[in-house]
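Here is the structure we will look at.
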Amino acid sequence: MNPIELYDILTLEDDKDYTVANMVSYNDSEYLYLIEVDQDENVKEENQKIVRRVISDGEDSLEIVTDKEELDTVSKLFFELFRDEMEEEAISED
Amino acid sequence: MNENVHNVAVATFQEKVKNHENAIIDGTKVAHDLNDFIALHEELSGILDEKFQLYNADKSEKAKNELDSFLREELDYLDLIENLMQTLDQYHDVVGFVDFAMIEKEWADVRIIVTYQNLEKSLNRVGELMKTYPEERYSESYQAILEKKDKLLKQVVDAEYNMLDRSSMDVNTATNDEITPNVDWNKNAFEKMDIKEKIQYLEEKMAEIEHSRGTKRIVCVNGERKNIPKKYAARYSKYNSILNNLKMKLAKEEKELDDLSARITSQVGDIFSEQTNEEIYSLQTTDNGLFEGIDVYLECRKEMHEIDQKMSTLLMKAYDKGESEVVHITLPNGKPGRILRSDLEEYEKLEKSERINHDKFARLMYEEGIIPDAADERTPDEKKTEILERIQFLKSSGVTGEALDSEIQKLMNEYRKVEKRKKFISMAGLTRLFMEQGYSRDEAHRLAFISYDPDAFQKSKRTSVEEKKNIFSKLFQSFSSSVMHAKSAEVGVEEFALMCVEPKKSPFASLYTVGINVKEYISKVLKAVKSVPSKVGNYVSKIKKTRKPKNRAYLQGNVKKKLRNVAAVMGFTAVLAAAVTSGSKTNAPVQSDVSVESVDDNTIASSTENVEDIAEELGDTISGMVNKEEEKTDSVTSPSLDDSDIVLEDIDSSLPEESQSVYIGDVFTTKMDSEIYTNMYDAAKSENGLHAYFASDSNREVTGLVYDYNGTSILLDENDPDFEAQKTALESNGAVLVAVRSENEAAKDTGASEGYWNVSDIVLENEEGIQR
């Protein structure tokens, strides 16, 4: 798998561009929090996804998380990540 | 007339065009002879000249665009009437002499076309009003206009055909280096076409025009600007107009057929059972006579197929044998054949058995009323449409009484038979498909029934969501694997489905319709699957490309801003609120985006308690990813919209940070290049404004104050009786002054409001004329 970094822009099969808003690891899998961006890289907040990185047909792919339990867990991890970042930001700006 | 117009010249022009249009519609302006026609044409040229003067008064492109937006309706009308007049003028030139009766007829066509367009505009206006004011009187007038418009539809189509005919009389002015496309209208061929062919024909003609060369001009079609060669511009507009009318006519006819179909279906009742779908799903499918019939049908088909194969094998054995060993026979298809003398007895037994099966099969087909007519190649849907059209024709023929009733009854029975045949064959085909995929007979029956109407199953209250997911998942996989198999075998979906349900070489009933229907089922099932709350199946998307952002810092800031909202909604507000109230982070910069003080305790509590729910909402958003259709998902950033959530929305950074002291009656000028707004909502933002008619240094007076209160715009009018009390209440509750309404001194005597200005764009003056 090629390395993916925070805020990289990924073009998926729906021909839309997404930025990597955050990443977490859980159960040996890597999960990405994607937000769609337009051509000028403005965030389109109405389209956000949590996906798992997988290899499909030998290619780097993303799979939508549909299992409820898995989704709940990963959502909470992302939530905690956002919260921590905001706390850090608030402290550093204080 | 556009109520937002505050430019006197523009308003006068609007009035003049409106009067011209009304005069044509009500028949005050009529061309009885050539002199009338010339006079009317000159009058039109006069108005068009005024239009250009108006445009040239202010040459900036932006000002012209503003004028366009104010005068959209008027320009549409002028374009239309100009095209019509030019067509007639050109026709008169080419023909040389047009008698008066013909000119009157021409004018009648013009009036019909203008009236129709006017009704369309009125309909749009009332439609807009209905959205804002759902009062009965609007819906009544909407209905009345709609009826008028429908009545006029046939006439307007005829009128446009006539006009098109006349426009075809033009002289070819194309130069040698221009490609002259085949854009001419073939009237004779056109009239013989059915409505769908006509639509296709016109679309092709329009495409030819679009791709042809020559000096271009802009033509506005269906709200879109297109560059069309000048020579064909008028014709292009007419093609488009006819096309739109034909499309409407087609939609109307199709709707009428659908309505009739629905009425007939409700009269003939459910073909197989009067029970509702919900009840049927809860029944044991084996109890249903329908499935017993399907079982017999499939069994017969299977046996006949096996017998057929055995007979073929016996016949093949005699292929290269000598005459002494064989017996000559007549095959079931009537052709001569040969068989080994030793196999003759077995062959005859098989033949007899096949005949018995065939009779049984035919009896069943007859009893079920689904005997296919080999010579009839029409699909059941085509047959149904024909029957419906025949019924419609009979009803509109003026014939009444018993003869009509009996004929309609006959047709309705025929309709019922076709419907029954279609349903039976489809269900049988589906049952076979599922059985071949390893499902038990009962399960295959049930899946077939659900596949036939997945929407009804999706709505069923007797089945749990889990069970629905399970069933839809099975259906999805079955259909998907069918499609994939079809792909790998390099045959079409329909063809493959057909092979699943009925081997093509079979000499018996063709089940082609099932093949077509399977494709519909796939899309139906997929649609139903999508609407089940938690989606089934894992969707994968390849990463086509990865790149670095152009401006990482900008994107990061943007993302963080959005994620703050997510976190706030998810419950972080509670954490932040605690931090703020503890005193350590009173001035946390986050406050500019999230108004912590305004989040009440309930929000905090519900936010923290509902993480599970939010995670589920995330799931809903996520599963929309690789679904091919774009669907509006519930965004994680926009959950419930109660009052407390509104404060989580960004307050636009363009708003002034603190209220200015502005009072009613204050005089102000505006900053250079400031823009004026026609409504107070837009004035709160610094986009989509217009250039004011009066210069920025002209004196304006404040006649109203616009406050932003938690995202809602509130206008305080100078005439409000409790003006002061409202102002104090708003300001003490944190409302921010965002815009002012103005009256321009130069237009004071009209009493009209000029528009709204963003408060950041105004420069106040004190009584001595010194800027504050």
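- With salt bridges taken as basic N to acidic carboxylate O contacts below 4.0 Å, none links B:K545 and A:D17.
- Using a 4.5 Å cut-off on side-chain heavy atoms (C-beta onward), A:V37 and B:N558 make no contact.
- The backbone N or O of B:K550 sits less than 3.5 Å from a side-chain atom of A:E41, completing a donor-acceptor pair.
- Checked against B:V559 for a side chain to side chain contact (heavy atoms under 4.5 Å, CB included), the options A:V43, A:N22, A:L6 give a single hit: A:V43.
- At a 4.5 Å heavy-atom cutoff, the contact between B:R552 and chain A is made by side-chain atoms alone.
- The distance from atom CG of A:L10 to atom CZ of B:R547, rounded to the nearest 0.5 Å, is 9.5 Å.
- Electrostatic pairing of A:D8 and B:K548 counts as a salt bridge here, judged by a charged N lying under 4.0 Å from a carboxylate O.
- Using a 4.5 Å cut-off on side-chain heavy atoms (C-beta onward), A:L12 and B:I543 make contact.
- Shortest non-hydrogen contact noted between A:Y7 and B:L555 is O-CD2, 3.7 Å.
- Contacts of A:I4 with chain B are made by side-chain atoms alone, with heavy-atom separations under 4.5 Å and no backbone atom involved.
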